[in-house]
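Here's the structure we're looking at; comments come further down.
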Amino acid sequence: MTIRVRFAPSPTGYLHVGGARTALYNWLFARHEGGELILRIEDTDRARSTEDAIRAIIDSMTWLGLDCDEGPYRQMDRLDLYAAKATGLVETGRAYLCYCEPEELEARRRAAAAAGGSPRYYRRCRALTPAEEADYIAGGRRPTTRFISRDEGETIVDDLIRGRVVFDNAELDDLIIMRPDGIPTYNFAAVVDDIEMGMTHVIRGEDHLPNTPRQMQIYEALGAEPPAFAHLSMILGADKAPLSKRHGATSIEAFRDVGYLPETMVNFLALLGWAWDDKTTLFSPADLKDRFSLDKVTRSPAVFDTAKLDWMNGHYIRQLTVAELAQRLIPFWRGAGLLPDGEIAAAELRRLEAMAAVCRERLVKLGEIVALTDFFFKDVDYDPAAVDKVLHKEGAAAALEAAAAKLAQIDDWTHDVLDTALRALADELGQKPGKVFQPIRVAISGRTVSPPLFESLEILGKETSVDRIKKARELA
RNA sequence: GCCCCCAUCGUCUAGUGGCCUAGGACACCGCCCUUUCAAGGCGGCGGCGCGGAUUCGAAUUCCGCUGGGGGCACCA
């Protein structure tokens, strides 16, 4: 039998790291097993579902490289199916119509909680007389459909990650499976779809574990064999609280926008709850597909550690060729208004690649390229602290003056030549190299920290470099 | 309140009764390299939540406790 799994997000927001990890594990499992991944949009909460969210989720999955074999299916397109199945359950005596109003149920729940009792439904409508039912209908009440859960025995979930989890059926409620407007609720729609779509495995977040026994009873009532279940632990923030907006960026788009690489996100997310052995940390998607298995998935929750993410992103940036890196950097230069849209001339591309080469070992996130290279594109913004600390130092003015004069003589404007010339200059001035190089760095970049000096001068070009050094001489 | 899950360095984890004086990675600290910042190299710090039990032997099994988390919706 072909393995079939699904990723079934509710489109109420962006794809966040927790959802992405669930999607990734489903994808890895499907690919490793030669199975199929289905994308199903669970949009039955019509108040909160949006088209934007659907687009965002699909975009993020595409960016991560998580391709699906079927879908996206949408539950709102499948209402007839759920209605037919719900009616069937009523006919076979596994469900009943419930005329209770939300307000009275809510009031009862509150009262029960106050009395220290169980908040479960009191099952009044299970035993409605025809006369009572007629009264409700005459009064304009529209019923929900409730599933009749078993009162006795246990429901056992054999979870692929957690092992055997036993639930007492007496704890289970008669849950609503259909709303009066014909839209199903989650537990019902998910089961109907998982049956219809032939799911063999359901891999989802641990928050769904308590739903599983309820769903298993629905499978049984529907005459279907339940799939295998695997519940993934939660992802936490640095404070061990569930990851949320308060921890900063949590959407995949946000990580993309500041310049994390998809290869980083995939590798990092894979490791949040899974490990291959005792020493391998870096995995390409192909390695992952090769090695992933559910039996190596961890049970305990994992903290999302940005420091490690940053390290890994730096690693993957360093793995890129200069040409690749430049291509990935272009959107960031454009986004900052440093580079116009449209075709890039060959000479300009060479210049961008030179910048990429010189920044490759310095980038943690692609977005940092802007602050690192903006002085190549526009006039210098002198950092007052840098001016004070370096240009106002004893000897800075003299160094700049001498440097400007010396550089003006150089025709072969390459970093090797510049290196030799400026070292010689330091020697002539009787200064340590740093004493000469730092003022020049501040002169051309405005800051004390910049890409390597000689390469920077080369990229900037002779005319601009000399101009800036002369100008900085005035500030010194 | 009730049900369920979880528990190894700060973090991600390896570990399934002796191979563990607990391994790796990130972070941190030190040294080296060095024109700044990085990157890189070398070294270091650092952990089995607590209490019982089983066993010749427990990070590994069992029980309890504590702590963290999830769920108990006409949300998913």
Side-chain angles (χ1 to χ4, degrees), chain A residues 8-12 42-45 47-49 98 100-102 105-106 109 112-121 144-146 157 159 161-162 165-168 170-173 175-181 183-187 189-190 204-213 231 233-234 236 238 240-242 268 271-282 296 298-312 314-315 318 359-364 372 386 390 419 422-423 426 432-438 440-442 445 447-454:
Chain A
S10 67
T12 54
E42 308 218 321
D43 54 355
T44 54
D45 181 348
R48 295 195 303 148
S49 298
C98 173
C100 296
E101 302 270 317
L105 293 172
E106 179 56 32
R109 267 194 297 270
S118 161
R120 285 180 301 145
Y121 177 56
T144 59
T145 307
R146 272 188 197 271
V157 180
D159 192 278
I161 294 167
R162 268 145 236 288
V165 184
V166 181
F167 294 87
D168 193 340
E171 296 295 331
L172 272 25
D173 209 351
L175 79 204
I176 291 177
I177 57 175
M178 272 290 180
R179 302 177 174 99
D181 58 7
I183 297 177
T185 57
Y186 164 73
N187 280 114
R204 77 232 298 195
E206 188 189 3
D207 47 335
H208 288 293
L209 188 52
N211 286 323
T212 309
H231 288 92
S233 59
M234 305 277 93
L236 312 176
K240 304 241 184 177
F268 186 77
L271 255 27
L272 232 45
W274 175 88
W276 167 247
D277 61 12
D278 60 340
K279 44 196 53 152
T280 318
T281 310
L282 270 2
K296 281 178 171 287
T298 322
R299 285 172 301 282
S300 52
V303 172
F304 190 92
D305 178 16
T306 328
K308 187 165 184 173
L309 213 217
D310 284 350
W311 162 77
M312 195 177 278
H315 168 81
R318 276 168 251 134
C359 292
R360 186 164 50 172
E361 276 161 17
R362 270 151 266 265
L363 291 172
V364 166
L372 223 43
V390 177
D419 187 328
L422 290 173
R423 278 182 203 283
K432 283 194 177 170
K435 282 283 184 193
V436 177
F437 299 166
Q438 270 309 85
I440 300 176
R441 185 188 310 284
V442 173
S445 74
R447 293 182 289 264
T448 55
V449 174
S450 81
L453 186 59
F454 311 119

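So that the names make sense, note that chain A is the first sequence line, chain B the second, and so on, each numbered from 1. From a predicted model like this one, the values you see are computed outputs, not experimental measurements.
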Distance check: side-chain N/O of [X] vs OP1/OP2 of [N], anything under 4.0 Å?
X: Thr281(A); N: U13(B); result: no
X: Lys308(A); N: G10(B); result: no
X: Arg109(A); N: G1(B); result: no

Taking atom [atom1] in both [N] and [M], what distance in whole Å separates the two?
N: G1(B); M: G17(B); atom1: C1'; value: 40 Å
N: C20(B); M: C9(B); atom1: C1'; value: 15 Å
N: G10(B); M: C45(B); atom1: P; value: 15 Å
N: A58(B); M: U8(B); atom1: C1'; value: 14 Å
N: G18(B); M: C2(B); atom1: P; value: 39 Å
N: U13(B); M: C6(B); atom1: P; value: 14 Å

Please give the nucleotide sitting opposite [N] as a Watson-Crick or G-U wobble pair, both distances under 3.5 Å, or none.
N: G18(B); result: C56(B)
N: G30(B); result: C42(B)
N: G1(B); result: C72(B)
N: U36(B); result: none

Among the nucleotides [options], which one has an atom lying closest to any side-chain atom of [X]?
X: Lys279(A); options: C6(B), U13(B), G23(B); result: G23(B)
X: His208(A); options: A14(B), A76(B), G69(B); result: A76(B)
X: Arg162(A); options: C12(B), C5(B), A14(B); result: C5(B)

Hey, does [Y] have a side-chain heavy atom less than 4.5 Å from the side chain of [X]?
X: Leu372(A); Y: Arg362(A); answer: yes
X: Lys432(A); Y: Phe437(A); answer: no
X: Thr298(A); Y: Ser233(A); answer: no
X: Arg162(A); Y: Leu209(A); answer: yes
X: Asp310(A); Y: Phe268(A); answer: no
X: Ile440(A); Y: Leu422(A); answer: yes
X: Val364(A); Y: Met312(A); answer: no

Hey, is the side chain of Asp207(A) pairing donor to acceptor with the base of A76(B) inside 3.5 Å? no

Base, sugar-phosphate or nothing for Pro180(A)? Non-hydrogen atoms, less than 4.0 Å. base

Once base and sugar-phosphate atoms are separated, protein heavy atoms under 4.0 Å mark nucleotides 31-50 of chain B, 5' to 3', with B, S and - as ----BBBBSS----------

By nearest-heavy-atom nucleotide on RNA chain B, the more 5' of Asp181(A) and Met234(A) is Met234(A)

So, Arg204(A) and Thr212(A): side-chain donor and acceptor under 3.5 Å apart, yes or no? yes

